[in-house]
Number of protein chains: 2
Amino acid sequence: MSSALAPEALTTGPGPSAGRRPEKTEAILDAAGHLFREHGYGAVSMDQIAREAGVSKATVYAHFESKDRLFAAMIHGACRAYAEGLMPAATEMEDVRAALTRICREIERFLLAPKTLGIYRVIMAEGPRFPELVQSFIEAGPLPFRKMLAEFFEAANRRGALKVPNPQLAAHQLVWLVRGPLYLERMLNLKQPLWDEQSVDEVVAGAVDMFMKGYAPDARD
Amino acid sequence: MSSALAPEALTTGPGPSAGRRPEKTEAILDAAGHLFREHGYGAVSMDQIAREAGVSKATVYAHFESKDRLFAAMIHGACRAYAEGLMPAATEMEDVRAALTRICREIERFLLAPKTLGIYRVIMAEGPRFPELVQSFIEAGPLPFRKMLAEFFEAANRRGALKVPNPQLAAHQLVWLVRGPLYLERMLNLKQPLWDEQSVDEVVAGAVDMFMKGYAPDARD
DNA sequence: GTCTATATAGAGATAGAC
DNA sequence: GTCTATCTCTATATAGAC
């Protein structure tokens, strides 16, 4: 299932890195990641990648069997970044509102960062051509984070700090209350942003407010 | 600004449709729309478009100056569909919860439909290459709808039916409370959907519930 | 493994007949 | 305007020297 993203299957050659210089692998991956995220898969040529990486095109093909495989490797790296960038978000022993605020800030910081948006842009654009890659990405990134949020809500339920009937739905709601209002303008690089700099705080605060009003234990329902 | 989407600027030739047969224009636009939405801009060739439209490639170029212009014309059509598909959503003289439920159903029906998702997919993918087109699309579709929602909330505020301090933010929140939970799985065509068929109703109901708890006039704060 | 130079295929766009 | 046949450029991928 996630074999398409297994690291050892992504580079070329017989043995494990038979003489390839890791620094060049890294440089190629960096260049590919930057260019793919910025301009999309189809619009980027292997020549550009080689040039930006400071190597020849033949070297690129010595490290990665094809453009497809290089793309897969780049997405694989993004999954690791996802896990590292967003996972340590929740701790239980804390005021709920403070914890939610911190989580929402993390969501804003990571999910709306240019790098993450670039990954999503290219995944959504090329998804139909790489279905197994999409599945791997979802299972490595967004789903574990939703699951962790749901578990956080369940723990808060047990403590009586929240009253969340459907933790999975609530996880999606919290994520999108923060992400949604800023999503289009960041994803599309709008010249006239819908929100100014300080409005980001309003979006975060609005998300926490609405979530608390919806799921605070003393709310009528 | 929106000149890139002006209908008269999108087809080829000197006079207004100097001898071109509208049915073929329509067929080409339909084929282009379908293919672009399904596979993206770069992955679709003018040959494929011509074949699917049942005309020759030269005919395509007789109707549309270039692939770029054909793409722009297709986005233009999508803007009209956006306005027609989502605009008559709100009426004032109605129970607020019922109106919100109806609006949310419309959001689910239109914004999460395969056709709309395809447009968003290709707009986000090719946005960097067509910045003025992105601007036109946003101004013709999402922004007016947000504005209409905000005005609906303001009217409800005046009637005392709601208490919405920031109508613009609330508009985004409502849209994404419905759209968000279903967005990734539909946008990426996940094989194992996160929600089953009946859960869509739960998402809609959950959005209305949360919105009402957040902005009902008798809410504490 | 890494480079320069090249093979080959495919796509956007056009020429010329009707 | 519409078709068939073609031009031309670019991109993926490879051959061969070091």
Side-chain angles (χ1 to χ4, degrees), chain A residues 8 10-32 34-36 38-74 122 125-126 129-130, chain B residues 8 10-36 38-74 122 125-126 129-130 133:
Chain A
E8 63 273 17
L10 290 172
T11 43
T12 313
S17 82
R20 273 177 259 104
R21 308 189 32 199
E23 55 196 83
K24 297 217 167 176
T25 309
E26 203 69 20
I28 294 167
L29 267 176
D30 282 356
H34 166 231
L35 289 169
F36 283 148
E38 198 80 6
H39 308 288
Y41 180 83
V44 172
S45 72
M46 294 294 260
D47 285 277
Q48 291 174 61
I49 294 171
R51 202 179 318 134
E52 175 143 337
V55 301
S56 78
K57 189 161 59 166
T59 299
V60 174
Y61 279 97
H63 286 248
F64 299 94
E65 185 176 309
S66 67
K67 191 181 178 184
D68 283 14
R69 297 290 280 269
L70 175 53
F71 182 69
M74 172 270 207
V122 72
E126 302 300 327
R129 276 172 37 89
F130 300 94
Chain B
E8 62 273 9
L10 290 173
T11 43
T12 313
S17 79
R20 274 177 261 105
R21 306 187 36 197
E23 55 195 83
K24 298 216 169 179
T25 309
E26 203 68 21
I28 294 166
L29 267 177
D30 282 355
H34 166 230
L35 289 169
F36 283 149
E38 198 79 5
H39 308 287
Y41 181 82
V44 172
S45 71
M46 294 296 260
D47 286 274
Q48 290 175 62
I49 294 171
R51 203 178 318 136
E52 175 143 337
V55 301
S56 78
K57 190 162 61 168
T59 299
V60 174
Y61 278 97
H63 287 247
F64 298 94
E65 187 176 308
S66 67
K67 191 182 178 184
D68 282 14
R69 296 291 278 269
L70 176 52
F71 183 70
M74 172 270 205
V122 72
E126 301 300 325
R129 274 171 39 89
F130 300 94
L133 206 59

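Below, chains carry the letters A, B, ... as their sequence lines are ordered, and counting in each starts from 1.
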Exercise. Figure out the CZ/C1' separation between Arg51(A) and dT10(D), and round it to whole Å.
Key: 12 Å

Practice problem: Would you classify Ser45(A) as touching base, sugar-phosphate or nothing, given that sugar-phosphate means primed atoms plus P, OP1 and OP2, and contacts are heavy atoms under 4.0 Å? | Solution: sugar-phosphate

Quiz item: Roughly how many Å is it from OH in Tyr61(A) to P in dA5(C), rounded to a whole number?
Solution: 18 Å

Practice problem: Fit a plane to each ring of Phe130(A) and Phe71(A), take the angle between them on a 0 to 90° scale, and name the class: parallel (under 30°), tilted (30 to 60°) or perpendicular (over 60°). | Solution: tilted

Quiz item: Do the side-chain N or O atoms of Thr59(B) get closer than 4.0 angstrom to the phosphate oxygens (OP1, OP2) of dC3(D)?
Solution: yes

Self-check item: Proximal nucleotide (of dT4(D), dG12(C), dT2(C)) relative to the Ala58(B) side chain
Solution: dT4(D)

Quiz item: Which nucleotide, dG12(C), dA13(C), dT12(D), lies nearest any side-chain atom of Ser66(B)?
Solution: dA13(C)

Quiz item: Side chains of Arg129(A) and Asp68(A): does their closest heavy-atom pair fall under 4.5 Å?
Solution: yes

Quiz prompt | Rounded interatomic separation in angstrom, taking CD1 from Ile49(B) and P from dA11(C) | solution = 11 Å

Exercise. Find the distance Leu35(A):CG to dA11(D):P and express it as a whole number of Å.
Key: 13 Å

Quiz prompt | Spacing of Phe71(A) atom CZ relative to dA13(D) atom C1', expressed in whole Å | solution = 19 Å

Exercise. For Ala27(B) and Ala53(B), work out which heavy atoms get closest and say how close.
Key: O-CB, 3.7 Å

Quiz item: What is the distance, rounded to the nearest whole Å, between atom CD1 of Ile28(B) and atom P of dT2(D)?
Solution: 7 Å

Self-check item: Proximal nucleotide (of dT2(D), dC3(C), dG12(C)) relative to the Lys67(B) side chain
Solution: dG12(C)

Practice problem: Could you check if a side-chain atom of Phe36(A) sits within less than 4.5 angstrom of a side-chain atom of Glu126(A), using non-hydrogen atoms only? | Solution: no

Quiz item: Distance check: side-chain N/O of Lys57(B) vs OP1/OP2 of dC7(D), anything under 4.0 Å?
Solution: no

Quiz prompt | Listed nucleotide nearest any side-chain atom of Asp47(A), set dT2(D), dT2(C), dT12(D) | solution = dT12(D)

Quiz item: Less than 4.5 Å apart, any side-chain heavy atom of Leu70(B) and any of Met74(B)?
Solution: no

Practice problem: Mind calculating the distance between CZ (Arg69(B)) and P (dG12(C)) to the nearest angstrom? | Solution: 17 Å

Exercise. Mind calculating the distance between CG (Asp68(B)) and C1' (dA13(C)) to the nearest angstrom?
Key: 12 Å

